[in-house]
Amino acid sequence: MQRTQARATQRYCPYLPTGDETIAARTIALAAQYGRYGYRRVTAMLKAEGWQVNHKRMERIWRTEGL
């Protein structure tokens with residue numbers, strides 16, 4: 001007889017992306033420099049600088065920073 005582990009014992013370990021602080025700081029700097037730019041254009045600027053970001057990550061950072 002094979003014993004199985006109860007589903008109630010399984011927990012999700014949240015993934016915390018690394019480097020969000022530095023990306024957020026650069027995002028704030030770009031938003032302050034270019035006041036009328038939105039998160040999409042700032043995302044394109046960060047990608048041009050060599051950062052690996054996608055629109056969902058940038059939108060989350062944009063919202064949490066209150067930009």
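Count residues from 1 along the sequence. Quick caveat, the model's predicted, so the values are computed rather than measured. These numbers come from the heavy atoms of this one structure, side chains and all, not from hydrogens, waters or symmetry mates.
Taken from CD in E59 to OG1 in T64, the straight-line distance is 11.0 Å, to the nearest 0.5 Å. The distance from atom CZ of R63 to atom CZ of R60, rounded to the nearest 0.5 Å, is 8.5 Å. To the nearest 0.5 Å, atoms OG1 (T27) and CE (M45) are separated by 10.5 Å. Expressed to the nearest 0.5 Å, how far CE of M58 lies from CD of E65 amounts to 10.0 Å.
Between the W51 side chain and the L46 main chain, no donor and acceptor come within less than 3.5 Å of each other.
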Distance-only check: which donor-acceptor pairs under 3.5 Å involve side-chain atoms of residues 36-43, not counting sequence neighbours?
from : atom 1 : to  : atom 2 : distance (Å)
T43  : OG1    : Y39 : O      : 2.5

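Within 6.0 Å of atom CD in Q52, 12 or fewer heavy atoms from other residues, nucleotides or ligands are found, so the atom counts as exposed in its surroundings.
Taking the salt bridge (charged side-chain N to carboxylate O under 4.0 Å, His left out) definition, one finds that E21 meets it with nothing, sequence neighbours left out.
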